[in-house]
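Here is the structure we will look at.
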Amino acid sequence: MNIIKEYFKSLKSDLKNKKGYKHIPNLLTFIRFLSPFFIIPLFIFDKFNLALIIVIVAAITDIFDGLLARKFNATSEFGKLLDAVTDKFFSLSLMVPIIKINSFYSILIVTEVIIALTNYIAFKKNKKPESHYVGKFKTVIEFAFLSLCYLSYVTSIDKNIINITFIINMILELLTILVYVKKNN
């Protein structure tokens, strides 16, 4: 893909010109992308405390990658694509273990896949799928929900709090689907 070639060309140039700091946002995004490869095995082997810490740190990288990209004036098509793919991969990966808490939570996997497909179809139609504030807010609530689920393995959390967060997340998932379908047609 040209977008990847262009990115690596700019990376090489920026490293040569001592502007490598401009790539910190993509590095943060890549760390988030890799985190499920550590979180899920930790979860499987009952290392819940460490898994939770990595979930929270990885979720925080989602806040800072965009802020730093704008601060360094380093936004790029590659960065936007990497962030979108990473967000989906991160959230979908972390949803698999929480099905153990309540199998109904698996509906989130379905809605996330629908959102990803909607954006993919828009991309294939040469439209540039961009995040919408509803989708961004949904992601924040989703990370809160996932963190609460993981936290429930290390401490006592009222299941009602988790379920209320789940319901809010589902409402935002459905709104996001509606917004993206409307926006991308």
Side-chain angles (χ1 to χ4, degrees), residues 24-70 79-80 82-119 129-181:
I24 291 172
N26 289 338
L27 179 62
L28 290 174
T29 303
F30 192 66
I31 288 169
R32 186 169 67 260
F33 181 84
L34 293 177
S35 67
F37 294 105
F38 297 93
I39 295 165
I40 293 172
L42 288 168
F43 185 86
I44 290 169
F45 293 110
D46 296 336
K47 303 293 183 192
F48 303 124
N49 289 332
L50 189 52
L52 175 65
I53 290 168
I54 297 173
V55 167
I56 292 169
V57 168
I60 289 170
T61 66
D62 191 38
I63 296 167
F64 287 105
D65 62 0
L67 290 173
L68 290 173
R70 286 184 288 282
K80 289 176 187 176
L82 180 64
D83 187 57
V85 169
T86 296
D87 283 348
K88 285 293 166 253
F89 177 72
F90 180 70
S91 61
L92 286 170
S93 298
L94 297 187
M95 287 178 192
V96 174
I98 66 163
I99 294 170
K100 189 174 171 182
I101 297 170
N102 184 337
S103 61
F104 188 70
Y105 293 160
S106 62
I107 191 78
L108 280 174
I109 294 172
V110 174
T111 56
E112 281 295 315
V113 168
I114 291 169
I115 290 169
L117 286 173
T118 303
N119 285 331
E130 292 183 14
S131 295
H132 189 270
Y133 72 90
V134 174
K136 289 182 182 291
F137 187 61
K138 183 242 354 142
T139 301
V140 170
I141 298 301
E142 187 172 85
F143 285 161
F145 169 71
L146 291 169
S147 294
L148 285 170
C149 287
Y150 277 80
L151 190 58
S152 73
Y153 283 97
V154 296
T155 189
S156 176
I157 294 182
D158 185 348
K159 296 288 185 207
N160 290 325
I161 293 171
I162 294 173
N163 287 331
I164 289 168
T165 309
F166 171 76
I167 291 167
I168 293 167
N169 193 166
M170 279 308 303
I171 291 167
L172 292 168
E173 290 274 339
L174 296 173
L175 283 172
T176 301
I177 290 169
L178 290 173
V179 167
Y180 286 2
V181 165

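Just so you know, these numbers use all the heavy atoms, side chains as well, and skip hydrogens, waters and symmetry mates.
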In Å, rounded to the nearest 0.5 Å, how long is the span from [atom1] of [X] to [atom2] of [Y]?
X      : Y      : atom1 : atom2 : value
Asp83  : Asn26  : CG    : CG    : 8.5 Å
Thr176 : Ile115 : OG1   : CD1   : 5.0 Å
Thr139 : Leu146 : OG1   : CG    : 10.5 Å
Leu27  : Ile31  : CG    : CD1   : 4.5 Å
Phe145 : Leu148 : CZ    : CG    : 8.5 Å
Glu112 : Ile107 : CD    : CD1   : 12.0 Å

Could you give the side-chain donor-acceptor pairs of residues 48-64 under 3.5 Å, partners two or more places apart or in another chain?
from  : atom 1 : to    : atom 2 : distance (Å)
Thr61 : OG1    : Arg32 : NH1    : 3.1
Thr61 : OG1    : Ala58 : O      : 2.5
Asp62 : OD1    : Arg32 : NH2    : 3.2

>> Is it the case that the side chain of Ser152 and the backbone of Cys149 share a donor-acceptor pair, with hydrogens and angles ignored and the cut-off at 3.5 Å?
In response: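 Checking the backbone N and O of Cys149 against the side chain of Ser152, a donor-acceptor pair under 3.5 Å is found.
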
>> Let's go through Leu82 and Phe33 carefully: what are the C-alpha distance in whole Å and the side-chain angles of both, what is the deciding distance for side-chain contact (heavy atoms from CB on, under 4.5 Å) to 0.1 Å, and is it a yes or a no?
In response: CA-CA 9 Å; Leu82 180 64; Phe33 181 84; 5.6 Å; no

>> Can you list everything that forms a ring-ring contact (aromatic ring centres under 6.0 Å, His included) with Phe45? Sequence neighbours excluded, please.
In response: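 None.
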
Looking at residues at least two apart in the chain, or sitting in another chain, which of them share a side-chain contact (heavy atoms from CB on, under 4.5 Å) with [X]?
X      : value
Ile99  : Ser103, Ser106, Ile109
Leu117 : Val113
Ser156 : none
Ala116 : Lys88

>> Give me the atom names and distance for the closest heavy-atom approach of Pro36 to Pro41.
In response: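 Heavy atoms of Pro36 and Pro41 come nearest at O-CD, 3.7 Å.
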
>> Tell me every residue that passes side chain to side chain donor-acceptor pair (under 3.5 Å) with Tyr105, counting only those two or more places apart in sequence or in another chain.
In response: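 Side chain to side chain donor-acceptor pair (under 3.5 Å) list for Tyr105, sorted by chain: Asn163.
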
Selection [range] - residue pairs positive for salt bridge (charged side-chain N to carboxylate O under 4.0 Å, His left out), sequence neighbours left out:
range            : value
residues 149-163 : none
residues 147-157 : none
residues 160-170 : none

>> Please check if the number of heavy atoms outside Phe38 that lie under 6.0 Å from its CZ is greater than 12.
In response: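 Counting neighbours around CZ of Phe38, 12 or fewer heavy atoms of other residues, nucleotides or ligands fall under 6.0 Å, so no.
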
> Can you list every pair that meets side chain to side chain donor-acceptor pair (under 3.5 Å) and has a residue in residues 141-151, with sequence neighbours left out?
Replying inline: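 Those involving residues 141-151 are Ser91-Glu142.
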
>> In the structure I gave you, are the side-chain heavy atoms of Pro97 and Ile40 within less than 4.5 Å of one another anywhere?
In response: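 The answer is yes; the side chains approach within 4.5 Å.
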
>> So that I know where these two stand, are Phe37 and Phe89 an aromatic pair - ring centroids less than 6.0 Å apart?
In response: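 Yes: the rings meet the under 6.0 Å criterion.
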
What side-chain donor-acceptor pairs closer than 3.5 Å can you find for residues 165-175, not counting sequence neighbours?
from   : atom 1 : to     : atom 2 : distance (Å)
Thr165 : OG1    : Ile161 : O      : 2.8
Asn169 : ND2    : Glu173 : OE2    : 3.4
Glu173 : OE1    : Thr111 : OG1    : 2.8

